[in-house]
Participant: 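The structure is given below, and queries will be raised subsequently.
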Amino acid sequence: MSVTRPISMTALALLAVAAAFPATAKDRPIPATRNQADGAAAIDARAAALVDKMTLDEQLSLLKSKAGGSLLDLGVPLPPFIPEAMRVPKPKGAIGTAGFVPGIERLGIPAQQLADASLGVADIGYLRPGDHATALPSTLSLAATFDPAMARAAGDIIGAEAFAKGINVQLAGGVNLAREPRNGRNFEYLGEDPLLAGRLVGEQIAGIQAHHVASTIKHFAANSQESGRFVYDVAASDAALRESDLLAFEIGIKHGKPASVMCAYNRVRGAYACESDYLLKQVLRGDWGYRGWVMSDWGATMSLKPSIDAGLDQQSPQDKDYFGGIPAAIDAGEISRAQVREMARRIIRSLIAVGALDHVARPGGAVDQAAHAARAQAIAEAGIVLLKNDGLLPLAAGAKTIAVIGRHADKGVLAGGGSSQVIPYGGVYRDVPEGTHPLLAMMAPAYGLSSPLGALKAALPDAKIVFDDGSDATRAAAVARAADVAFVFAVKPEMEGIDSADFSLPYGQDAMIAAVAGANPRTGVVLETGNAVAMPWLDKVGAVLEAWFPGQRGGEAIAAILTGAAAPSGRLPVTFPATIDQLAHPKLVGYDPAKQRPLGIGVKYDPFTIDYKEGSDVGYRWFERTDARPLFPFGYGLTYTKFAYAGLKQVGGAGLTVTARITNSGKREGVEVAQLYVAPPGRTHRLAGWARVTLKPGETREVTITADPWLLLSYDEQAGQWARPAGDYRFFVGKSAGEPELSGTTRLTAATESRHR
């Protein structure tokens, strides 16, 4: 087991300022060749020429991926619920990834090695045993930075490491909106707002593909919860979807140009996503003009002809082999050879476009682990959100005795579980109950070995720091009582396949925090969660820090914020409800506590429908619509200084641009995220833009925010187009969706946009 060396506080402060480091010489993107740079027409011609040289069998070989690793390699008996697709030997040429497509050597087409996911080059631990990668903070933490440059830097790390490992397709780009705040995969996504999520996922994808690694964008679409994800049907209007979930995808595709779209398991408006004429043909390829290939999620192909007719190009690994029936369907006249050619052409075209044919990824490339770890720490620091501070933070130099309390805070920081899980450099500690099957042990909650306790000891060598695991509330309270200050590290594991019934913390932590705070009023709470959580103890503690799942150097990032070596600058990308009754669905539709299993393996649900009755009013917009006051609003986050707003100016007409003066009225440098929210006539406010600005004490700067034109439009279902009705548009500039500082009304002219490309 390797040990992470502490980094100096001076270095931590410098890292916090660096929004995105330039790539090092080892992982700088390779220059594009002429073929890649010649433009769309040259790429089209080259793809067509290659596909036309293929035999039918070679074209067909591109349309299915196999499992790229094998559970058989573990050498242990497999539980009966493991599906057949996961019991097959690793294919020849595969390096141990989620998927594998053999290459066509005579045409210079490399094999496709498809790897998870959005938080780094992922592996739960059994596909490539011993292979580690930089574990980035959770994608929800990335969203909390409100910083596109950070998203590009995260993608750059993923792309560089994937290429160095021989991986040329990364199953990244998760952008499903956090419509259901108890969804176990929300930590993989970018929050509840389509503009924020779309902009950041586009940058992440672009960063990955700069290294000639194809990226997906996923899971298309309305894949909002894990419970019943294989069977549920989403009931929602065209306008509701296009203004929310689909808008996030549309923005991400426009900015990131992903090589592939991964369609989801669930149904949307009656049809499975991977055979949905509405999603794939009408919206994706028709209205948006998407030219890449569509692959199914693993096990999400539900048919042959309906899927191909709708626009599915590649079946991912699963037990039932629908696409294996293509030759017979051709003979029967159900599928044409022209369709097969087009499916193959779209795959080859995307690989050419990202340079994967000209720059072949092979295992054994160099990775600058230290540089990537430093960048991961900078991203983690920027995403940490200070939710409450009664003067407890930053930690005063006079604190001589500090109690660190909490489950495994001595060992590391929690990571999200499932297919996206990255095994960080240095390994993980798994919280495994005794007697657990070895395979399931690999899916137990994992803690990257970046210990908050160790990081605080390194940062504060002169302080006496004592630890208690918090398993006994009475004992923990006694430890806190004897200290000058106490920090409780509270965790809530999240995993693919498992949703939460509510917002409470597990393991009796709510009661433990209350006991500790009762014993010592100078108590701070650090949350390591992948969703909003309830805080029944909020009034009793002096500070609350949301650290999310903070990644490779999460312990050091948390210590930097607590000690003041770095200043908090994160903002909430999701609303924290005050009560579960404030949600559009107070009871999670279809939730069954007996069916919450890692990855959803072996779980069967009866079909059910989720009515998106909130429409496009997701998250903070639903709270505005229902006049509900959340615990903490979307966009919220405190700093170690204060900011004042003044001097609002606005320009309307064909768009909206606002200008305001922001002053740092505090005593230390800090980052303000000024947010512009706009409400079309008769609608709720929506985030339309933001400005992230760093100000020194006493400094004033004028910032200008132009509303994204997409967010001034609404979808007119009757006309089948986007429209900006003429009228008065209310807006405000503020610190969050619930904190308007400057407000006004502007008159905008009418406009329409078809979105056909």
Side-chain angles (χ1 to χ4, degrees), residues 12 16 137-138 140-146 187 377-396 399 402-409 412-414 450-453 455-456 459-460 465 470 480 485-492 503 505 509-510 512-513 516-517 520-535 537-551 553-574 576 631-633 635-641 668 670-671 673 736:
L12 286 171
S138 65
L140 195 62
S141 173
L142 178 63
T145 69
F146 273 66
F187 73 90
Q377 181 178 336
I379 295 169
E381 289 175 8
I384 291 174
V385 184
L386 181 60
L387 296 175
K388 180 180 179 179
N389 189 18
D390 288 346
L392 182 65
L393 298 178
L395 189 61
I402 301 169
V404 172
I405 298 167
R407 190 180 185 91
H408 307 315
V413 288
L414 186 61
S450 173
S451 161
L453 175 65
L456 279 170
L460 302 168
I465 302 178
V485 62
F487 290 112
V488 178
F489 287 77
V491 299
K492 186 172 185 178
F503 298 128
L505 292 171
Q509 291 174 104
D510 285 324
M512 183 267 288
I513 293 170
V516 169
N520 188 338
R522 290 179 55 77
T523 292
V525 177
V526 178
L527 297 168
E528 296 173 37
T529 74
N531 270 320
V533 294
M535 303 181 201
W537 33 261
L538 182 61
D539 292 341
K540 300 177 182 178
V541 302
V544 180
L545 209 64
E546 176 57 84
W548 314 107
F549 301 147
R553 281 191 183 166
E556 287 82 0
I558 293 169
I561 299 292
L562 293 178
T563 60
S569 61
R571 302 296 188 270
L572 289 181
V574 291
F576 277 45
L631 186 65
F632 295 106
Y636 178 86
L638 303 174
T639 68
Y640 287 159
T641 187
R668 68 172 288 169
V671 174
V673 181
S736 74

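Note that the structure is a prediction, hence the values are computed from the model and not measured.
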Participant: Please identify each residue that fulfils ring-ring contact (aromatic ring centres under 6.0 Å, His included) with Y636, with sequence neighbours left out.
Facilitator: F632
Participant: Do any pairs count as a salt bridge (Lys or Arg N to Asp or Glu O under 4.0 Å) and have a residue in residues 558-573, sequence neighbours left out, and if so which ones?
Facilitator: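 Applying salt bridge (Lys or Arg N to Asp or Glu O under 4.0 Å) to every pair that reaches into residues 558-573, excluding sequence neighbours, yields R571-E672.
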Participant: Provide the closest heavy-atom pair for G383 versus W548 in the form atom of the first, atom of the second, distance.
Facilitator: O-NE1, 3.0 Å
Participant: Return yes if some donor-acceptor pair links the side-chain N/O of D510 with the main-chain N/O of I513 below 3.5 Å, else return no.
Facilitator: no
Participant: Residues two or more places apart in sequence or in another chain: which of them pass salt bridge (Lys or Arg N to Asp or Glu O under 4.0 Å) with R522?
Facilitator: none
Participant: F187: what forms a ring-ring contact (aromatic ring centres under 6.0 Å, His included) with it, not counting sequence neighbours?
Facilitator: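 By the ring-ring contact (aromatic ring centres under 6.0 Å, His included) rule, F187 matches F549.
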Participant: Please report the interatomic distance OG1(T529) to CG(L414), rounded to the nearest 0.5 Å.
Facilitator: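 These two atoms lie 9.0 Å from each other.
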Participant: For residues E546 and N531, report the shortest heavy-atom separation together with the two atoms involved.
Facilitator: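 Scanning both residues, the minimum pair turns out to be OE1-O, 4.2 Å.
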Participant: What closest approach, in Å, do V574 and L140 show between heavy atoms, and which atom pair accounts for it?
Facilitator: CG1-CD1, 4.0 Å
Participant: Say you draw a straight line from OG of S569 to CD1 of I561; how long is it, rounded to the nearest 0.5 Å?
Facilitator: 7.0 Å
Participant: Measuring only between side-chain heavy atoms, which start at C-beta, is M535 closer than 4.5 Å to L387?
Facilitator: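 Of all side-chain heavy-atom pairs linking L387 with M535, at least one is under 4.5 Å.
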Participant: In sequence, state the C-alpha distance, the side-chain angles, and the governing distance for D390 and K388, and then conclude on side chain to side chain contact (heavy atoms under 4.5 Å, CB included).
Facilitator: CA-CA 7 Å; D390 288 346; K388 180 180 179 179; 3.3 Å; yes
Participant: Under the salt bridge (Lys or Arg N to Asp or Glu O under 4.0 Å) rule, collect the residues that match up with K492, sequence neighbours excluded.
Facilitator: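 In terms of salt bridge (Lys or Arg N to Asp or Glu O under 4.0 Å), with neighbours along the sequence ignored, K492 is linked to no residue.
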Participant: Answer whether the closest heavy-atom distance between the side chains of I558 and L456 falls below 4.5 Å.
Facilitator: no
Participant: Could you tell me which non-hydrogen atom of A566 sits nearest to which non-hydrogen atom of E381, and how far apart they are?
Facilitator: CB-OE1, 3.5 Å
Participant: So do the side chains of V485 and L392 get within less than 4.5 Å of each other, counting heavy atoms only?
Facilitator: yes
Participant: So how far is it from L460 CG to I402 CD1, rounded to the nearest 0.5 Å?
Facilitator: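 Taking CG in L460 and CD1 in I402, the distance rounds to 5.0 Å.
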Participant: Mind listing the closest non-hydrogen atom pair of L572 and P633 along with its distance?
Facilitator: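 In this case the closest contact between L572 and P633 is CD1-O, 3.6 Å.
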Participant: Taking atom OG of S138 and atom CD of E528, what is their separation to the nearest 0.5 Å?
Facilitator: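 Answer for the OG-CD pair, S138 versus E528, is 10.5 Å.
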Participant: Give the C-alpha distance, both sets of side-chain angles, the deciding distance and a yes or no for side chain to side chain contact (heavy atoms under 4.5 Å, CB included) between L545 and F487.
Facilitator: CA-CA 10 Å; L545 209 64; F487 290 112; over 6 Å; no
Participant: Taking only residues two or more places apart in sequence or in another chain, which ones pass side chain to side chain contact (heavy atoms under 4.5 Å, CB included) with S451?
Facilitator: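 Result, side chain to side chain contact (heavy atoms under 4.5 Å, CB included) vs S451: L453.
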Participant: Of all heavy-atom pairs between A517 and V541, which one has the smallest distance, and what is that distance?
Facilitator: CB-CG1, 3.9 Å
Participant: Is there side-chain contact between P452 and V404, with at least one heavy-atom pair below 4.5 Å?
Facilitator: no
Participant: Is a side-chain donor or acceptor of R668 paired with a backbone partner of G564 at a separation under 3.5 angstrom?
Facilitator: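 Confirmed, R668 side chain pairs with G564 backbone.
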Participant: Hey, are the side chains of T639 and V671 touching, using non-hydrogen atoms and a 4.5 Å cut-off?
Facilitator: no
Participant: Please report the C-alpha distance between W537 and L505 in whole Å, then the side-chain angles of each, then the deciding distance to 0.1 Å, and finally whether the side chain to side chain contact (heavy atoms under 4.5 Å, CB included) criterion is met.
Facilitator: CA-CA 11 Å; W537 33 261; L505 292 171; 4.2 Å; yes
Participant: When you look at T523 and I405, which way does the side chain to side chain contact (heavy atoms under 4.5 Å, CB included) test go after all the steps?
Facilitator: CA-CA 10 Å; T523 292; I405 298 167; over 6 Å; no
